[in-house]
Amino acid sequence: MLQVFRAHGAHRAEPVRRSGPAGRLGRLLVVAAGSVAAASATSVAPVSAAAGETPAGTRLVEGTPLVDEARAWPSLPGGTKDGDRLTVTVRNAGEADGRYELYCHPGAGDHPDVDGACAALDRGTTWGKDTFAPVPEGSFCTMQYGGPATAHVTGTWAGRPVDARFDRGDGCEIARWDRLVPVLPDLRPAGRE
C-alpha cells in the first residue's frame, strides 16, 4: 500500500490520513485516472491520414505512434495496407546499392530486412511529425563527412506521400540517415552502432 507523508520541519514527517470523504475521493480520482490512462493506451490505432479514418471505437492521441502492430489494419486486396509502400534507391554505398520495394502491414517486398525496416518506420512514425523530414534550415551541424552514399525514398507512408533524399554530407545528415537504419543501409563504422 502506498503511504503519503506530510513534511513538518526538516526532520519530522507524519502519514497523511486517508479516511473520511477527502481520502475516499482521492483514491477514487487515482483509480479513475489509471483507468483512463489504461484505456487510452489500448485504444490508440493506426490512421489512414488520407481518408482521416480510424477503426471503430478508437481515437488518435498526439505524440503516439500511428501504427500499433498488435491492432494493425487488415491487409487490403493486393497484400498491402494503403499508405505503407516505399521504394528505396541507394547509391554509392557499396554492396548495399540498389533499388528496393518495401511494403509494411503486412511486410513484403525485396528489401533486405523487411521486418526490421517496417519496425524502424513504425517506431519513428508519430502523429504530427514527418518521419522523412529534411534537416531544418539553419541547423548547426558538425563538419564531418560520412561518405558518398545517397538514398532516395519515394512512395506513401501513413497515408502521406514521401519523396525524400538522404546523404551523409555532415553530422546532421549522418544522424538523419542513421535514424532510418535498416530502411537505409547501416554505414556506421563497426563498434559505433
For the student: nearest non-hydrogen atoms of His111 and Asp113, plus distance: ND1-N, 3.0 Å
Non-hydrogen side-chain atoms of His152 and Asp163 separated by less than 4.5 Å: yes
Approximate separation, where rounding is to 0.5 Å, of Leu180 CG and Leu121 CG: 6.5 Å
Side chain to side chain, Leu184 and Val88, heavy atoms closer than 4.5 Å: yes
CG on Asp170 to CD on Gln144, rounded to 0.5 Å: 8.0 Å
Minimum-distance pair of heavy atoms, taken over all atoms of Asn92 and Pro148: CB-O, 3.4 Å
Any Val114 side-chain heavy atom under 4.5 Å of Leu102 side chain: yes
pair Trp127-Lys129: side-chain heavy atoms closer than 4.5 Å: no
Approximate separation, where rounding is to 0.5 Å, of Arg123 CZ and Arg179 CZ: 13.5 Å
Check: Cys104 main-chain N/O paired with Arg85 side-chain donor or acceptor under 3.5 Å: no
Any side-chain heavy-atom pair of Leu86 and Val162 under 4.5 Å: yes
Hydrophobic cluster identity match, Val90 and Trp157, side-chain contacts under 4.5 Å: yes
Smallest separation among heavy atoms of Tyr100 and Pro112, with atom names: CD2-CD, 3.6 Å
Closest contact, heavy atoms only, Val183 versus Ala117: CG2-O, 3.5 Å
Straight-line distance of Tyr103 OH to Asp84 CG, nearest 0.5 Å: 11.5 Å
Test log, rule side-chain contact (heavy atoms from CB on, under 4.5 Å), inputs Thr87 and Arg99: CA-CA 7 Å; Thr87 301; Arg99 182 172 185 255; 3.5 Å; yes
Nearest heavy atoms of Pro182 and Ala120, plus distance in Å: CD-CB, 3.8 Å
Side-chain touch Val135/Glu173, heavy atoms, less than 4.5 angstrom: yes
Straight-line distance of Cys172 SG to Phe140 CZ, nearest 0.5 Å: 10.0 Å
pair Asp178-Arg168: side-chain heavy atoms closer than 4.5 Å: yes
Aromatic plane relationship, Phe166 with Trp177 - under 30° parallel, 30 to 60° tilted, over 60° perpendicular: perpendicular
Asp110 side-chain N/O to Glu101 backbone N/O, donor-acceptor pair under 3.5 Å: yes
Heavy-atom side-chain contact between Thr150 and Arg165 under 4.5 Å: no
Arg176 versus Ala164, closest heavy-atom pair with distance: NH2-CB, 4.0 Å
Spacing of CZ belonging to Arg160 relative to CZ belonging to Phe132, to within rounding of 0.5 Å: 10.5 Å
